[in-house]
Structures are given as C-alpha cells and as structure tokens.
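The block underneath contains the structure these notes are about, expressed in structure tokens.
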Amino acid sequence: MTSNEPLILGIETSCDETGVGIVRGQTLLADAIASSVEEHARFGGVVPEVASRAHLEAMVPTIRRACETAGIKPTDVDAVAVTSGPGLAGALLVGVAAAKGLALSLDKPLYGVNHLAAHVAVDTLEHGDLPKGCVAMLVSGGHSSLLAVEDITDGVVPMGSTIDDAAGEAFDKVARVLGLPFPGGPWIDKAARDGGDRLYVTFPRGLTSQRDLERHRFDFSFSGLKTAVARWVEAKRRDGEDVPVNHVAAAFQEAVCDVLTRKAIDACKDRGFEHLLIGGGVAANSRLRVMAEERASAAGIAVRVPRPGLCTDNGAMVAALGSELVRSGKAPSPLDLPADSSMPITEVLNK
C-alpha cells in the first residue's frame, strides 16, 4: 500500500445492513456494519420500511466508527462510493442521499456503483487484482447469478440467473419449514454440520435435465426444491413421525450446492476461463466452499472466495469497487444520480 493510492469511503444500504467501508487502493482500513437483522427476524424476512428507518438511524454513527477505525478524517478521502442499485428502493435512497450529502460537503467525486459488481470487486481486498477473465457466481438472498467478467470496471456479461427463488431465499424458506431462525443460511449450514446426512433423502435439482439445459443451461431455479422439502416435511408430520432436521437440512443444502457448483464449472468451461470467483452471502456456506473447491480442482479451475465476513453485504465491497473505478480513471457519477432498485448488472457505474 502506498499513500498515493486512492482513499475511498463506501456506503452500502441495499437491504438490512448499514455498511461503511474505507479502502486505500486494495487495502481494507475499516469495515463498519450496523445490522437490523434482529428487527426483521420476528417477521421471518426483511421489512423494507423497518430497514429504511434503521439505515437512517445508523448512518452517521457508522460513518464515524469507520473513520475512527481507519484513523482518518472524512476530509481525507479522495472519493465517496455508494450502492445505487439494485436493492430495496427505500433502503437505497437513504444511502444514496447520505453519499450525495457527504460528497457535496467534502467537494469529492461520487461513484454510484452496482451492488452485484461490488460483490465481485471485494475479492481484490483479499487476493489482489482480479484475473483477466473469470466467471463470478453471486449467490445471496435476492440473487443467484453467473457472470462473465473480463474487466470489472468496464462491465460484466450475464450468463445466467434465477428464474424464481434465489438460493438465499430458498434457505430462508426451508429454515422456516424446519423451525430454524431467520436468516436461514447460517442455521441450515450449522444443522447440516451437526450430524446431518446429506444422502438421507435426494431432493430435486432444478433446471438440470437435458431439456432444461437446452433453454436454461446457466439459469437457476430453487422454487421447486423449496416446495419438495416442504411437502416431504409435511408428509412426515402428517404421519406423526419426527422430522430429522439435521438430515433434511444437509440434504437440502446438498441439492443447492450441487446445482450451483455444477453450473458454475460448466460456465467456466464454456468461456474457457480458469478462474471461478464466488461472492454474496451464500458464499459463506461451508458446503458450497468445499464442493466448489473439489469440482474446480478436478476441472483445472482456480477458486477465489473472500472470507465469510466480506461475502455478506458490507461497505468494504462498495469502497473496493469505487477504488477500482478511480484507479482505472473512470469519470464519477453526477450528483443527481438516482437510486435504481432494478439497476442492471451490465451497468457497473451509475452514470
């Protein structure tokens, strides 16, 4: 790290985490997060109005905490980056408004960035420059996507995405069926590790038949899997039998990870890329990491996965993408940039 590398402050408010990260070049200086997940847990999912209010209350304290951790003053930053989409409209508005105010008051350039592209860029904080050509698999509560990435600052090419429930949504819904807390991903992972038999029952793998692959080779579908688990559990309870939660969690998780990794490796082979990058909250799943490494190794593909704390939504990933954009000489966003809840993945920078 050198002092002439850009110092970027990034703000993330696309869902229920208020994240503020500070990055110099590709070095992480601070990653402050205020989560409102406990406020949503009793509803079994994120409530947009509650999330927006939580962002309003947490924004200034989180910025202050990040600056204190990094040992800087706001006036030291070279640019402000913010998630301008996709995400919950109200939540995005809070972050974008805060970033505009900060950039304007400091007279610093503003970069409105794509949330999904930021999940790719965050890997630079752990493993350095991205390879010149990789497939990025982003798996989270709202997204399950395969992207071809040549240069993250110039945009990405979508290869496939979910046609119904994303992987994270399926984890949350199956957790509810099994009586596990929200958010479901970590609890299902834990239940599976605590003596779960992933071969106890074989659940369906969506969009993997030959007919499906002809039309949806790189797309995902987890709605049918979620329904299959719910029906299996209902049948057991109807017959008065105990539901082996650990086994069901492991078998469900196996089905999700099988489809994700199978299609990701296929995408790498299709593009001729030798690197697979995995990001998003579900990338913290222990079974997904193991299976991806095993299958990629067998195919001669290298896997890059950030540490779990950088996989979930955070301000560091926004700052990381902002840093890459500044370092590549990209022009900043206008100060009147909007919050775009449906911002396409092909648009890395809101211009």
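Keep in mind the model is a prediction, meaning the values are calculated, not measured.
Contacts classified as side-chain hydrogen bond (donor to acceptor under 3.5 Å, both in side chains) and involving residues 231-252 (residues at least two apart or in different chains) are given here: Lys236-Glu241. Residue pairs meeting the salt bridge (Lys or Arg N to Asp or Glu O under 4.0 Å) criterion with at least one member in residues 304-327, sequence neighbours excluded: Asp123-Arg304, Glu126-Arg307, Glu324-Arg327. Judged as a ring pair (Phe, Tyr, Trp, His ring centres under 6.0 Å), the pairs with a partner in residues 160-190 (not counting sequence neighbours) are, in order, Phe171-Phe252.
Qualifying side chain to side chain contact (heavy atoms under 4.5 Å, CB included) partners for Ser161, counting only residues two or more places apart in sequence or in other chains: Ser145, Asp219. Take Ser221 and apply the side-chain hydrogen bond (donor to acceptor under 3.5 Å, both in side chains) test, not counting sequence neighbours, and it matches Asp164. Scanning for ring pair (Phe, Tyr, Trp, His ring centres under 6.0 Å) contacts around His275 gives an empty result, with sequence neighbours left out. Taking Asp270 as the reference, Arg217 meet the side-chain hydrogen bond (donor to acceptor under 3.5 Å, both in side chains) condition, with sequence neighbours excluded. With sequence neighbours excluded, the residues forming a side-chain hydrogen bond (donor to acceptor under 3.5 Å, both in side chains) with Ser14 are Glu12, His115, listed by chain and number. With sequence neighbours excluded, the residues satisfying side chain to side chain contact (heavy atoms under 4.5 Å, CB included) with Ala30 are Ile22, Ala66, Thr69, Ala70. Residues satisfying the side-chain hydrogen bond (donor to acceptor under 3.5 Å, both in side chains) test with Asn285, not counting sequence neighbours, are Gln253.
Residues Pro306 and Cys311 come closest through the heavy atom pair O-SG, 3.4 Å.
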task: Please step through side-chain contact (heavy atoms from CB on, under 4.5 Å) for the pair Val82 and Leu110, ending with a clear verdict.
output: CA-CA 8 Å; Val82 62; Leu110 175 66; 4.1 Å; yes
- request: Starting from the C-alpha separation in whole Å, work towards a yes-or-no answer on side-chain contact (heavy atoms from CB on, under 4.5 Å) for Ile72 and Val77.
  value: CA-CA 8 Å; Ile72 68 159; Val77 304; 3.8 Å; yes
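Hydrophobic cluster membership for Ile33: none, as no Ile, Leu, Val, Met, Phe, Trp or Tyr side chain comes under 4.5 Å of it. If you chain together ILVMFWY residues whose side-chain heavy atoms come under 4.5 Å of each other, Leu92 ends up in a group of its own.
For the residue pair His55/Thr13, the side-chain donor-acceptor check at 3.5 Å is not satisfied.
No donor-acceptor pair under 3.5 Å is formed between the side chain of Thr62 and the backbone N or O of Thr18.
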